[in-house]
Structure formats: C-alpha cells, structure tokens
Amino acid sequence: MINAAPNTDYKGELVELDAVEQALAGLREKYGTVPDVQTKEGYALCKKGIRELTSYRTSTDKLRKEITKPHRDFIERVNNYGKDLIEKLQEIEQPLKDAKQHEDERAEREKQQRIAKLRERIQVEILSYKDTAVGLDSNALAELHDEADNINTDGYFDVTKEAEDAKAEVLQHIIEMHGRALEKERLAAEQAEVEAERRRLREEAEKREAEQKELEELRRFKAEQEAKRSPAPQPQPKPEPEPAPLPDAAEHKPLNASRLSAAADSYSKSPAPASKPETVTISRSEYDQLLAAQAKLRALEAMGVDNWSGYEQAMQQLAA
C-alpha cells in the first residue's frame, strides 16, 4: 500500500471557490431582497435570480467534489490500512485478554469463596454468642460479655469490618440482656421476701391460734372443776374477750417434759382428803381426761404461766 498523501497545492485548488465567494456579495445585493412576484418585473427578477443562484450552487458543489476526490481516496486507503493493522493486533491481543479475564474470574471466585467462609466464621465465632446468652443469669451474662469483648477480629481479612460490626452487635445485645436479667432477679428477690414475710405472719397466726385454743381448754377444765365442787347451778357466763397473746418469752420458751411428767405423777400419788367429799359419777374416760388436764395446768403453772401478764385476767374470767 502507498502511504504517502497526495501532493496537492491547496491554494491553487481553492482559487475557483474563492471566485464564488467574491461573487456572493453581488448576488446578495441583487437577490437578497425578495421582489414582489405579483408584478411582472418582480416575477421576472425572481426567476432570473433562481436560475443564476442554481447555476452557482451546482457548479460549486461539482467543484467541491472534484477538489476533495484525491483526498477522499487517500482517506479510504488509510482507513482500510488501519483496519487491517488493527485486526492483526487484535489477533495477538485477544488471547492475552482472554487469559487475563479467565484468571481474574478464577481469582474472584476464590475471593468470594474465601469471604463466604469468613462470614461463616463470623456466624459461628461471634454471632453465636447471642444464642449462648439465652437463659443465663446476670453473673453468667457478665462473664460472657468479658469473653466476647476479647474476640480478636484481626484474622477476618476481607470482612474485618463485618467482624467488628458483629462483635459490637453481640456486646450490645449482651449488655441489654444483662440489664433485663438484673431487673428480673431484683423483682424475684423482692417477691421472695414478700412470700417469706407472709409465711412468717401465717406461722405466727397459727401459733397464736393454737395457744388460744389451749387457754380456752384450760378455762373450760377449771370451770368444770369448780362446777363439781359447787354443784349449785350458776348463771351462764357472758362471752368474754379473747385474752392477750403470750409474751415473747412465754411464746417461744420450750416446756420441760420431765417436769410435766413429775407434776402428773405427784398429782396421781397425792393422798385422799380426810373428810369424805361429795362424789359425782362420771365415765372412766372423762375422769382420765380431767386428771390429765389438771396435771397439764399444774405443769404450766410450775413453768411460770402464772407470771404471764394475762394470767390474772384469765383467772378472773374463770371465776366470774
């Protein structure tokens, strides 16, 4: 292929075009204003202008093509030559590009596989702390928080930022659970204290009720004894108010069983009175109950029940 451009004197080629340009001034002066074509003179001038301007236009276009033809042929040769060179260069370049693309795709697949494994590690090694925290008390959550705070995120490479975010998420989650656990434990402790106080009050009430029943039994026993000694009918006593509870000392002081037994034996072995008392016929079981109740009363008095602040009032009520 011939690579040299055509040797052309461009100034000489443009001489004829320059002549057209010089004629433009006169043509614009003659035909620049459209005449009144409704008149005969105006119509004739319009036709003349069209013929003259059309001649200039077609000749100028023909001249343009004649001047540019050598250059257009050269441009076409250059384009074909360049296209051929480009195709040959592409034959060498394309295998290199294909190889590079294949390697880039392989490296990208390996990178994505590596990132997927690292993200699995994040799930197992970091985010799993959230599952571990379920059901733990406040102390165990505090220990778990310290353990999670020591998680090392340096080995997560491409997803280091994701690992750091996951660690921060886990720490915040444990902190919130720890706060809720503390509140739950505080409420449980308060509830336990309330239940313990209720049990204590219930036990004290049951104890006072038992003591009240025992005092009523003693009162009935004494009344029966007095009735046997004085068989004359007596008016029915009015309902009496409940006696005051035993003082703390008498309330919690244990009875000495040996002294109770000794008092009962002493009563059973006491000598009979000299004069013959009035007799009352009762059943053997009632008689045994009276003896046991009397022995119990004497045992209580021997242990200091007569020093109780309500003892005198109770005796007054029995005598009424």
Side-chain angles (χ1 to χ4, degrees), residues 1-5 71-205:
M1 176 180 178
I2 301 173
N3 295 329
H71 301 286
R72 284 186 282 113
D73 292 343
F74 175 74
I75 291 172
E76 184 178 1
R77 290 198 304 271
V78 172
N79 287 338
N80 292 333
Y81 186 37
K83 183 179 179 180
D84 180 67
L85 293 174
I86 289 172
E87 291 177 353
K88 292 177 179 178
L89 290 170
Q90 286 180 334
E91 291 178 359
I92 302 173
E93 177 191 18
Q94 192 60 44
L96 298 177
K97 292 176 66 176
D98 293 343
K100 179 181 178 300
Q101 181 179 357
H102 179 75
E103 176 59 20
D104 290 343
E105 291 174 352
R106 185 197 62 78
E108 181 63 22
R109 286 194 301 271
E110 289 186 355
K111 178 182 178 181
Q112 293 304 321
Q113 292 173 356
R114 183 172 64 253
I115 289 175
K117 290 181 180 179
L118 290 172
R119 286 173 175 161
E120 289 179 1
R121 284 184 54 198
I122 290 176
Q123 291 290 333
V124 174
E125 299 174 3
I126 301 179
L127 293 176
S128 62
Y129 276 78
K130 296 171 71 175
D131 296 330
T132 305
V134 175
L136 298 182
D137 59 16
S138 60
N139 292 330
L141 286 170
E143 294 177 358
L144 187 66
H145 180 275
D146 293 340
E147 182 179 343
D149 193 38
N150 293 325
I151 294 175
N152 186 0
T153 59
D154 292 340
Y156 289 89
F157 307 105
D158 300 276
V159 293
T160 299
K161 180 63 169 55
E162 295 181 24
E164 292 173 349
D165 292 343
K167 178 180 177 180
E169 179 184 345
V170 164
L171 291 175
Q172 182 61 32
H173 181 76
I174 295 176
I175 289 172
E176 293 174 357
M177 290 191 65
H178 183 259
R180 291 195 294 269
L182 286 175
E183 180 64 14
K184 182 179 179 181
E185 291 167 3
R186 182 186 67 80
L187 294 175
E190 292 179 356
Q191 183 65 27
E193 291 179 1
V194 170
E195 294 296 332
E197 181 64 15
R198 288 176 179 173
R199 284 195 301 271
R200 186 185 68 81
L201 294 175
R202 185 168 58 250
E203 291 171 357
E204 290 181 355

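Just the heavy atoms: all of them, side chains too, but no hydrogens, waters or symmetry mates, feed the values below.
Proximity of Phe74 to His71: side-chain heavy atoms (C-beta onward) are nowhere separated by under 4.5 Å. Residues Gln172 and Glu169 have side chains not in contact (no heavy-atom distance under 4.5 Å, counting atoms from C-beta outward). Within the 4.5 Å cutoff, the side chain of Gln112 has no heavy atoms near those of the Arg109 side chain. Contact check for Arg180 versus Glu176: side-chain heavy atoms found under the 4.5 Å cut-off. Considering only heavy atoms from C-beta on, Tyr156 stays 4.5 Å or farther from Glu162 through its side chain. Inter-residue side-chain proximity for Lys184 and Leu187 is flagged as unmet; no heavy-atom pair is nearer than 4.5 Å. No side-chain heavy atom of Glu105 sits under 4.5 Å from any side-chain heavy atom of Glu108.
For the pair Lys117 and Glu120, the salt-bridge criterion is not met [side-chain N within less than 4.0 Å of a carboxylate O]. Between Lys100 and Asp104 there is a salt bridge, with a side-chain nitrogen of the basic residue lying less than 4.0 Å from a carboxylate oxygen of the acidic one. Using a cut-off of 4.0 Å between Lys/Arg side-chain N and Asp/Glu carboxylate O, Glu203 and Arg200 are scored as not salt-bridged. Using a cutoff of 4.0 Å between basic side-chain nitrogens and carboxylate oxygens, Arg106 and Glu110 are scored as salt-bridged.
Thr132 and Leu144 get closest at one heavy-atom pair: CG2-CD1, 4.1 Å. The minimum heavy-atom distance between Leu141 and Ala181, with the atom names listed, is CD1-CB, 3.8 Å. Shown here for Ile151 and Glu125, the closest heavy-atom pair between the two residues is CD1-O, 4.1 Å. Listed here is the closest heavy atom pair of Leu127 and Val170: CA-CG2, 3.9 Å. Contact detail for Ser138 and Leu182: the closest heavy-atom pair is CB-CD2, 3.5 Å. Looking at every heavy atom in both residues, Ala163 comes nearest to Ile126 through O-CD1, 3.8 Å.
For the pair Asp149 (side chain) and His145 (backbone), a donor-acceptor distance under 3.5 Å is absent. A donor-acceptor pair under 3.5 Å is formed between the side chain of Arg121 and the backbone N or O of Gly155.
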What side-chain donor-acceptor pairs closer than 3.5 Å can you find for residues 88-99, not counting sequence neighbours?
residue, atom, partner, partner atom, Å
Lys88, NZ, Asp84, OD2, 3.2
Gln94, NE2, Asp98, OD1, 2.8

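To the nearest 0.5 Å, the span separating CG on Leu171 from CG on Asp146 amounts to 10.0 Å. Residue Asp158 holds its CG atom at 4.5 Å from CZ of Arg114, rounded to the nearest 0.5 Å. The structure places CG of Asn139 at 5.0 Å from CG of Asp137, a figure rounded to the nearest 0.5 Å. Going from atom CD of Glu143 over to atom CD1 of Ile174 covers 11.5 Å, rounded to the nearest 0.5 Å.
Applying the salt bridge (charged side-chain N to carboxylate O under 4.0 Å, His left out) criterion to Glu164, with sequence neighbours excluded, gives no partner residue.
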side-chain contact (heavy atoms from CB on, under 4.5 Å) between Tyr129 and His173: does it pass, once the steps are laid out?
CA-CA 9 Å; Tyr129 276 78; His173 181 76; over 6 Å; no
